[in-house]
Amino acid sequence: QVQLVESGGGLVQAGGSLTLSCAASGRTFSNYAMGWFRQAPGKEREFVATISWNPGNTAIADSVKGRFTISRDNAKDRVYLQMNNLKIEDTAVYYCAARNGPLRFGSARPADFAPWGQGTQVTVSS
């Protein structure tokens with residue numbers, strides 16, 4: 001079973017940047033698409049970005065397009081989320097997740113991803 005551990009969250013002022021990292025272990029990381037999701041208090045978990053197992057394909061939510069970038073390093077079993085020009089509404093717990101099957105890409109549904117990391121808090125202040 002793969003294990004995912006996020007890091008890199010924190011407190012940042014609006015307009016600032018953060019890079020989240022997700023370390024994977026336990027199975028062949030390079031065969032699985034990966035995703036980032038977020039959940040704000042009182043809201044449902046929402047899709048942020050996903051990247052295919054070979055890093056050639058990505059999909060980004062409209063709410064963060066042009067500000068966030070997803071990438072991965074299969075040699076290091078890591079996936080990253082570079083977040084620029086952060087807004088107060090980006091405040092949430094950010095989760096990384098692995099697609100629930102090898103060589104699958106294209107879904108933005110949380111139900112198509114398992115397992116999940118424990119999450120990392122991102123707080124954007126004014």
Side-chain angles (χ1 to χ4, degrees):
Q1 178 73 327
V2 68
Q3 293 183 330
L4 303 172
V5 179
E6 302 97 334
S7 61
L11 175 64
V12 63
Q13 287 190 323
S17 298
L18 281 175
T19 299
L20 305 184
S21 178
C22 175
S25 63
R27 68 180 181 197
T28 307
F29 175 76
S30 59
N31 286 346
Y32 292 83
M34 298 294 295
W36 285 99
F37 294 78
R38 67 186 183 185
Q39 188 165 18
K43 295 188 176 181
E44 292 187 353
R45 191 166 298 189
E46 67 170 350
F47 168 77
V48 175
T50 185
I51 187 166
S52 59
W53 57 93
N54 58 340
N57 295 302
T58 63
I60 306 291
D62 288 342
S63 59
V64 303
K65 195 168 292 183
R67 300 187 297 120
F68 289 14
T69 302
I70 187 171
S71 62
R72 68 189 292 163
D73 185 341
N74 286 342
K76 296 182 178 180
D77 290 350
R78 286 184 177 265
V79 61
Y80 305 97
L81 185 68
Q82 173 68 44
M83 306 185 293
N84 297 325
N85 191 21
L86 282 159
K87 303 178 180 180
I88 292 174
E89 52 264 39
D90 294 320
T91 295
V93 177
Y94 283 71
Y95 299 89
C96 78
R99 187 66 196 270
N100 60 355
L103 309 181
R104 299 176 184 174
F105 174 73
S107 174
R109 299 193 313 147
D112 288 333
F113 289 81
W116 295 75
Q118 84 288 350
T120 186
Q121 177 71 47
V122 172
T123 302
V124 184
S125 64
S126 59

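- Residue Y94 comes nearest to L20 through the heavy atom pair CB-CD1, 3.5 Å, listed as atom of the first residue, atom of the second, then distance.
- Residues F47 and F68 fall into different hydrophobic clusters, defined by Ile, Leu, Val, Met, Phe, Trp and Tyr side chains chained together at heavy-atom separations under 4.5 Å.
- Residues I51 and F105 approach most closely at C-CE1, 3.7 Å, considering heavy atoms.
- Within the 4.5 Å cutoff, the side chain of D73 has heavy atoms near those of the Y80 side chain.
- Of all non-hydrogen atoms in L4 and A98, the two that sit nearest each other are CD1-N, 3.7 Å.
- Panel note: side chain E6, backbone G119; a donor-acceptor pair is recorded below 3.5 Å.
- M83 and V12 fall within a single hydrophobic cluster, where Ile, Leu, Val, Met, Phe, Trp and Tyr are joined by side-chain heavy atoms under 4.5 Å apart, directly or via other members.
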Please lay out, stage by stage, how W116 and F37 fare under the test side chain to side chain contact (heavy atoms under 4.5 Å, CB included).
CA-CA 10 Å; W116 295 75; F37 294 78; 3.4 Å; yes
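- A donor-acceptor contact shorter than 3.5 Å links the side chain of R72 to the backbone of S52.
- For the residue pair Q13 / S125, no side-chain donor-acceptor distance below 3.5 Å is found, with atom types taken as modelled.
- Checked by atom type and distance alone, the side chain of T91 pairs as donor or acceptor with a backbone atom of V124 at under 3.5 Å.
- The two residues C22 and M34 have their closest heavy-atom pair at SG-CE, 4.4 Å.
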Test V79 against I70 for side chain to side chain contact (heavy atoms under 4.5 Å, CB included), laying out the working first.
CA-CA 7 Å; V79 61; I70 187 171; 4.0 Å; yes
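- Here the side chain of R78 pairs no donor or acceptor atom with the backbone of N74 at under 3.5 angstrom.
- Using a 4.0 Å cut-off between charged side-chain N and carboxylate O, R38 and D90 make a salt bridge.
- Taking the six-membered ring for Trp and the full ring otherwise, Y95 and F113 have centroids separated by 6.0 Å or more.
- Nearest heavy atoms, A40 versus A92: N-CB, 3.8 Å.
- Checked against a 6.0 Å centroid threshold, the rings of W53 and F29 do not count as neighbours.
- Rounding to the nearest 0.5 Å places OG of S21 at 11.5 Å from CD of Q82.
- Criterion: ILVMFWY side-chain heavy atoms under 4.5 Å apart, direct or through other members. Under it, L81 and L86 are part of a common hydrophobic cluster.
- The nearest pair of heavy atoms linking A24 to V2 is CB-CG2, 4.2 Å.
- With hydrogens and angles ignored, the 3.5 Å screen pairs no side-chain donor or acceptor of Q121 with any backbone N or O of G9.
- Atom CD of Q118 sits about 10.5 Å away from atom CD of Q3, to the nearest 0.5 Å.
- A distance of 9.0 Å separates CG of L18 from CG of L11, quoted to the nearest 0.5 Å.
- Checking each of N100, D112, T50 against S107 for a side chain to side chain donor-acceptor pair (under 3.5 Å) leaves exactly one that passes, namely D112.
- Of the possible donor and acceptor atoms, one in the side chain of R67 sits under 3.5 Å from a partner among the backbone N and O of N85.
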